[in-house]
Amino acid sequence: MADGVEQSTAEARPSRGAVLGEAFRRFMLRPESTALAAVVILFIIFTALSPQLFPTKLTYISIMAVAAELGILSIGVTLLMIGGHFDLSVGAVLGLTSYVAVVLMRDFGLSPVVATPAAIAAGALLGMINGLIVVRFRIHSFVVTLGTMLIWRGVVIALTGGFPMTVDIPPLFKSLMAGPLIGGFRMSMVWFLVLGLAGTILLTRTKFGNWIQACGQNPQAARNLGVPVDRVTVILFMIASAGAAMSGVIQVARFASVDALRGEQMELQAVAVTVIGGTLLSGGYGSVVGTVLGAITFGMIQVGLVLAGAPGHFFRTLTGLIVVLAVILNTDVARRLARSRPLAGFRRSSAAAHAAIAGAADETDPDREDTPTRDGVARLGEPNQ
C-alpha cells in the first residue's frame with residue numbers, strides 16, 4: 001500500500017520545466033516585472049548605441065544620482081497611488097521645503113541637524129493639508145493637489161522673488177546627504193535604497209500596508225471591515241510630501257541653493273516612475289521595488305540619450321512611450337496571466353508551488369517529505385499531517 005502511494009506521488013511530482021514555467025508565470029504577475037524588463041531592454045539598447053561610454057562605472061554613478069533624488073520622491077507617491085489617490089503637488093512641496101531649509105540655515109542660523117527635520121515636518125504638514133481637504137470635503141485628490149500645486153508654487157515664487165537663494169552648507173552635512181562614497185557613488189543613493197527597503201517592508205510586512213492596499217481596491221469595503229480609511233489617506237499624503245521634502249533637502253545639500261522652479265514637473269516624473277514600476281492608476285496594486293526599478297529606468301533614459309547624442313526632446317518622447325507601454329503591459333498582459341491556469345496542477349495559492357519554485361523539487365534533498373493531496377498532486381516540502 002505504501003509502495004503504491006509512493007509510486008503515485010512520484011508520478012505526480014511536477015517536472016523541472018513545469019516548475020520553472022510556473023515560477024515565470026508567477027513572476028510576470030508581479031508589478032515589478034515590467035520595470036525589470038524595461039531596465040534590461042534599455043541597458044541592451046544603450047549599450048549597443050554607445051558601447052564605449054554606456055557600460056562604464058561613471059555612467060552607473062550618473063544613473064543612480066538621477067534615480068536617487070527622483071526615486072525618494074516617487075516612493076511616497078507610490079504608496080499614495082496604491083492607496084487610490086494622486087498628489088500633483090509634490091514637486092511644489094519639494095521647492096517650498098527646500099526654501100524652508102535654506103532660510104532656516106541662512107537667515108536663522110540653525111544647523112542642518114535642526115533645519116532638515118524642520119523642513120521634512122513642514123512637508124508632512126503640507127501633505128496633511130492635502131489629505132484633510134480630500135477626506136473632509138470628499139473631493140478627488142487630483143483636483144485638490146492640482147490646486148495646492150499652484151498655491152505652493154506661487155508661494156515659492158513670491159518668497160524667492162524669482163531669484164536663486166544660496167546658503168553655505170557644512171561639508172559634513174553635504175557628505176552625509178549627497179556626498180561621494182567609496183567608488184564614486186553618491187550618498188543620496190544610500191538614502192534612496194534605505195527608504196525603498198523601508199517602503200517595501202511597510203507595504204508588504206505590516207498591517208498598515210494591508211490597509212493601504214485595501215483602501216486602494218475598495219474604500220467602502222475597507223471601511224466595512226474596520227479599516228480607518230480617512231486616517232490612512234491623510235497619513236499617505238503626509239508620507240508623500242515628507243518624501244518630497246527629503247528629496248528637496250538632498251538637493252539643497254548638493255547645490256547649496258534653492259530657486260523658484262525647484263522641483264517643477266517632478267510630480268509628473270514621479271507618476272511616470274510609479275507607473276513604470278507597475279503601480280496601477282486605479283490603485284490597490286503596486287510595488288515599491290518596482291518604483292525603485294522605475295527610477296533607475298528613468299535615470300538610464302536621461303543619461304543614455306545624452307551619451308548616444310540624441311536630441312533633447314527625445315528624452316520626453318521616450319519616457320512617454322515607455323509609460324504608455326508599461327500601462328498596456330500592466331493591465332492587459334497581467335490580466336491575461338491572472339486568468340491563466342497554474343502549470344503542473346499547482347493551485348493558485350498552493351504551498352506546493354511556492355516550495356517547488358524555491359527549490360524543493362530537487363530530488364536530491366534528503367529532508368523533503370512528499371504527501372499526496374486530495375487532488376493527487378504532491379505537496380512538496382510539507383510535513384505529513
Side-chain angles (χ1 to χ4, degrees), residues 31-32 34-50 53-54 59-78 80-81 86-95 98 142 145-146 149-150 152-153 156-157 188 192 240 243-244 247-248 250-251 254-255 259-281 286 290-331:
E32 55 269 7
T34 303
L36 181 60
V39 169
V40 174
I41 292 172
L42 287 174
F43 180 83
I44 295 173
I45 292 175
F46 286 127
T47 298
L49 293 176
S50 306
L53 298 176
F54 189 79
T59 299
Y60 303 149
I61 293 173
S62 300
I63 290 173
M64 291 308 300
V66 173
E69 295 174 6
L70 178 59
I72 291 173
L73 174 72
S74 302
I75 290 170
V77 172
T78 297
L80 181 63
M81 287 181 61
F86 289 89
D87 192 345
L88 298 180
S89 68
V90 287
V93 169
L94 186 152
S98 298
F142 186 94
T145 56
L146 176 62
M149 174 189 72
L150 299 175
W152 307 149
R153 183 61 65 186
V156 175
I157 294 174
S188 56
F192 172 43
S247 183
I250 290 175
Q251 291 193 6
R254 186 154 70 98
F255 299 117
D259 58 82
L261 299 181
R262 179 66 54 85
E264 189 176 38
Q265 294 190 351
M266 286 191 72
E267 58 277 345
L268 300 180
Q269 296 174 4
V271 172
V273 165
T274 300
V275 171
I276 292 172
T279 298
L280 294 182
L281 294 174
T291 296
V292 171
L293 294 172
I296 294 174
T297 299
F298 202 90
M300 291 178 67
I301 296 173
Q302 186 167 330
V303 176
L305 288 177
V306 172
L307 296 179
H313 65 272
F314 272 31
F315 170 67
R316 294 186 179 183
T317 302
L318 184 56
T319 302
L321 178 63
I322 291 177
V323 169
V324 173
L325 291 177
V327 172
I328 293 174
L329 290 174
N330 290 339
T331 54

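These numbers come from the heavy atoms of this one structure, side chains and all, not from hydrogens, waters or symmetry mates. Note that the numbering runs from 1 along the sequence shown for the chain.
Taking CG of Leu280 as the start and OG1 of Thr274 as the end, the distance is 12.0 Å to the nearest 0.5 Å. To the nearest 0.5 Å, atom CG of residue Leu42 and atom CZ of residue Phe298 are 12.0 Å apart. The CD1 atom of Ile296 sits 10.0 Å away from atom CG of Leu36, with the distance rounded to the nearest 0.5 Å. To the nearest 0.5 Å, atom CE of residue Met64 and atom CE of residue Met300 are 11.5 Å apart. Note that CG of Leu268 and OG1 of Thr319 are 11.5 Å apart. Values are rounded to the nearest 0.5 Å. Remark: Leu94 CG to Ser247 OG distance equals 5.0 Å, nearest 0.5 Å.
Shown here are the side chain to side chain donor-acceptor pair (under 3.5 Å) partners of Ser89, two or more places apart in sequence or in another chain: Asp87, Asn130. For Leu150, there are no side-chain contact (heavy atoms from CB on, under 4.5 Å) partners at least two apart in sequence or on another chain. Qualifying side-chain contact (heavy atoms from CB on, under 4.5 Å) partners for Ala65, counting only residues two or more places apart in sequence or in other chains: Arg186. Under the rule for a side chain to side chain donor-acceptor pair (under 3.5 Å), Ser62 has no partner lying at least two apart in sequence or in another chain. Listed by chain and number, the residues in a side-chain contact (heavy atoms from CB on, under 4.5 Å) with Leu305 are Phe46, Ile301, Ala310, Phe314, Phe315, Leu318 (sequence neighbours excluded). Residues satisfying the side-chain contact (heavy atoms from CB on, under 4.5 Å) test with Thr317, not counting sequence neighbours, are His313. Every residue two or more places apart in sequence or in another chain that forms a salt bridge (Lys or Arg N to Asp or Glu O under 4.0 Å) with Glu69 is listed here: Arg254. The ring pair (Phe, Tyr, Trp, His ring centres under 6.0 Å) check on Phe255 picks up nothing, with sequence neighbours excluded.
Within the structure, no pair that satisfies the salt bridge (Lys or Arg N to Asp or Glu O under 4.0 Å) test touches residues 265-275, not counting sequence neighbours. Residue pairs meeting the salt bridge (Lys or Arg N to Asp or Glu O under 4.0 Å) criterion with at least one partner in residues 296-313, sequence neighbours excluded, are absent. Residues in residues 291-308 take part in these side-chain hydrogen bond (donor to acceptor under 3.5 Å, both in side chains) pairs, two or more places apart or across chains: Thr78-Thr291.
Arg153 places no side-chain N or O within donor-acceptor distance of the main-chain N or O of Gly95, the cut-off being under 3.5 Å. Judged purely by atom type and a 3.5 angstrom limit, Thr47 has no side-chain atom pairing as donor or acceptor with the backbone of Phe54.
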